[in-house]
Protein chains: 2
Amino acid sequence: MTSYKHKKVITIGIVNELTGLSVRQIRYYEECGLIYPDRSKNGTRKYSFSDIETLMNIAEQREEGVQTREIKHNMLKKKNKQKVKEEMLRGQINAHFHQR
Amino acid sequence: MTSYKHKKVITIGIVNELTGLSVRQIRYYEECGLIYPDRSKNGTRKYSFSDIETLMNIAEQREEGVQTREIKHNMLKKKNKQKVKEEMLRGQINAHFHQR
DNA sequence: CGTGTAAGGAATTCTGACACG
DNA sequence: CGTGTAAGGAATTCTGACACG
């Protein structure tokens with residue numbers, strides 16, 4: 001779960017190779033709050049596979065002309081939907097254990 | 001399967017942080033044929049999470065005084081066992097489909 | 001707003017080699 | 001055999017800024 005997919009171990013050069021996005025773009029999307037890489041001791045950015053997927057998602061939307069501001073909005077909305085889903089599931093489970 | 005765990009995307013500096021092995025040691029174990037990192041266009045080594053697990057395994061054995069030569073032997077033996085297992089399984093499946 | 005680029009500096013990585021043992 | 005280290009060079013990464021639009 002918290003394993004490979006979310007471990008921040010990939011440098012920005014590799015992310016560039018993997019996503020095709022320029023280093024400049026990758027840094028800019030961070031500035032916009034779309035991704036949050038970790039940092040090495042020396043300050044080098046480190047990304048996860050999950051970050052890479054997010055970036056490819058961003059790239060698609062950018063190609064359609066969606067602004068970073070909008071993309072961020074979409075991402076938050078998606079996250080909230082996920083949260084609601086989880087709460088409903090929790091409710092279901094609760095109901096199950098308390099049924100009689 | 002061929003996804004995150006085996007994708008070669010991690011630079012040697014990060015591998016050093018993750019395993020505690022010195023850069024020199026990591027390169028040396030490659031020289032001995034214990035690991036096979038990819039290379040970027042510029043020649044930089046790239047490792048996978050799988051490689052990192054292998055390296056931690058190597059580190060343990062080295063602490064016990066096992067020589068790299070031996071470690072390689074152990075790794076090949078293990079690989080063969082795995083192969084035999086897979087062949088047996090294939091045999092079982094065959095038998096199943098051809099039973100009457 | 002989103003991205004390119006030149007600038008200057010710091011840290012990384014690479015290879016082949018010598019050292020010790 | 002296994003690992004440290006100094007050597008010299010090439011490529012990466014970082015930040016803040018100017019440019020265009």
Side-chain angles (χ1 to χ4, degrees), chain A residues 7-49 51-77, chain B residues 7-49 51-77:
Chain A
K7 203 141 197 186
K8 310 249 182 181
V9 295
I10 309 177
T11 55
I12 200 166
I14 307 270
V15 176
N16 160 249
E17 287 179 23
L18 260 38
T19 62
L21 292 166
S22 75
V23 165
R24 179 68 164 102
Q25 286 175 309
I26 299 168
R27 293 203 192 107
Y28 180 66
Y29 298 148
E30 173 182 357
E31 199 183 311
C32 296
L34 297 180
I35 40 169
Y36 299 91
D38 272 5
R39 297 281 184 142
S40 291
K41 307 159 191 182
N42 57 53
T44 305
R45 272 167 265 251
K46 296 186 294 184
Y47 302 85
S48 65
F49 282 112
D51 289 330
I52 286 171
E53 286 181 13
T54 302
L55 282 168
M56 299 187 75
N57 212 296
I58 293 169
E60 269 185 52
Q61 294 190 63
R62 281 294 305 131
E63 273 176 40
E64 292 165 15
V66 186
Q67 296 202 335
T68 56
R69 170 103 194 153
E70 284 305 310
I71 298 177
K72 185 165 186 181
H73 228 94
N74 295 164
M75 284 172 51
L76 289 177
K77 214 159 55 179
Chain B
K7 204 141 196 186
K8 310 249 182 182
V9 295
I10 309 176
T11 54
I12 199 165
I14 308 269
V15 175
N16 160 248
E17 286 178 24
L18 260 37
T19 62
L21 292 167
S22 76
V23 166
R24 179 68 165 102
Q25 286 174 309
I26 299 168
R27 293 203 192 108
Y28 181 66
Y29 297 150
E30 173 183 358
E31 199 183 311
C32 296
L34 298 179
I35 42 170
Y36 299 91
D38 273 4
R39 296 282 183 142
S40 292
K41 307 159 190 182
N42 57 52
T44 305
R45 271 168 265 249
K46 297 187 292 184
Y47 302 84
S48 66
F49 282 113
D51 290 330
I52 287 171
E53 287 182 12
T54 301
L55 282 167
M56 298 187 76
N57 212 296
I58 294 169
E60 269 186 54
Q61 294 189 62
R62 282 293 305 132
E63 275 176 39
E64 293 166 15
V66 186
Q67 296 202 336
T68 56
R69 171 102 195 157
E70 283 305 310
I71 298 176
K72 186 166 187 182
H73 227 94
N74 293 165
M75 283 172 51
L76 289 176
K77 214 158 58 179

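Note on naming: letters A, B, ... go to the chains in the order of the sequence lines (proteins, then strands), and numbering restarts at 1 for each one.
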Quiz item: Is it true that the side chains of B:Thr44 and B:Asn42 contain a donor and an acceptor less than 3.5 Å apart?
Solution: yes

Exercise. Specify the closest pair of heavy atoms between B:Lys46 and B:Val9, including all atoms of both residues, with the distance to one decimal.
Key: CB-N, 4.2 Å

Exercise. Find the distance A:Ile12:CD1 to D:dT12:P and express it as a whole number of Å.
Key: 12 Å

Quiz item: Residues from residues 22-30 of chain B sitting under 4.0 Å of DNA chain C, heavy atoms only?
Solution: B:Arg24, B:Arg27

Self-check item: Value in whole Å for how far the P atom of C:dT12 lies from OH of B:Tyr47
Solution: 15 Å

Quiz item: When you measure from every atom of DNA chain C, which of residues 67-75 of chain A have a heavy atom less than 4.0 Å away?
Solution: A:Gln67, A:Thr68

Show every donor-acceptor pair shorter than 3.5 Å between a side-chain atom in residues 12-31 of chain A and any protein atom, with sequence neighbours excluded, or say none if there are none.
| unit_1 | atom_1 | unit_2 | atom_2 | d |
| --- | --- | --- | --- | --- |
| A:Asn16 | ND2 | A:Leu21 | O | 2.6 |
| A:Thr19 | OG1 | A:Val15 | O | 2.8 |
| A:Thr19 | OG1 | A:Leu21 | N | 3.1 |
| A:Ser22 | OG | A:Gln25 | N | 3.0 |
| A:Ser22 | OG | A:Gln25 | OE1 | 3.4 |
| A:Gln25 | OE1 | A:Ser22 | N | 2.8 |
| A:Glu30 | OE1 | A:Arg45 | NH1 | 2.9 |

Show me the donor-acceptor pairs within less than 3.5 Å that the side chains of residues 54-71 of chain B make with the rest of the protein, sequence neighbours left out.
| unit_1 | atom_1 | unit_2 | atom_2 | d |
| --- | --- | --- | --- | --- |
| B:Thr54 | OG1 | B:Ser50 | O | 3.1 |
| B:Asn57 | OD1 | B:Gln61 | NE2 | 3.2 |
| B:Arg62 | NH1 | B:Val66 | O | 2.8 |

Quiz item: Can you tell me which stems DNA chain D forms when a stem means 3 or more consecutive Watson-Crick or G-U pairs under 3.5 Å?
Solution: C:2-5 with D:17-20, C:17-20 with D:2-5

Self-check item: Closest heavy-atom pair and its distance - B:Tyr36, B:Lys8
Solution: O-NZ, 2.7 Å

Quiz item: Over how many whole Å does the gap from B:Ile58 atom CD1 to D:dG2 atom C1' extend?
Solution: 13 Å

Practice problem: Mind listing the closest non-hydrogen atom pair of A:Tyr47 and A:Thr11 along with its distance? | Solution: CD1-C, 4.3 Å

Quiz item: Between D:dT13 atom P and A:Ile10 atom CD1, what is the distance in whole Å?
Solution: 13 Å

Quiz item: Between residues 31-46 of chain A and DNA chain C, which residues have a heavy-atom gap below 4.0 Å?
Solution: A:Asn42

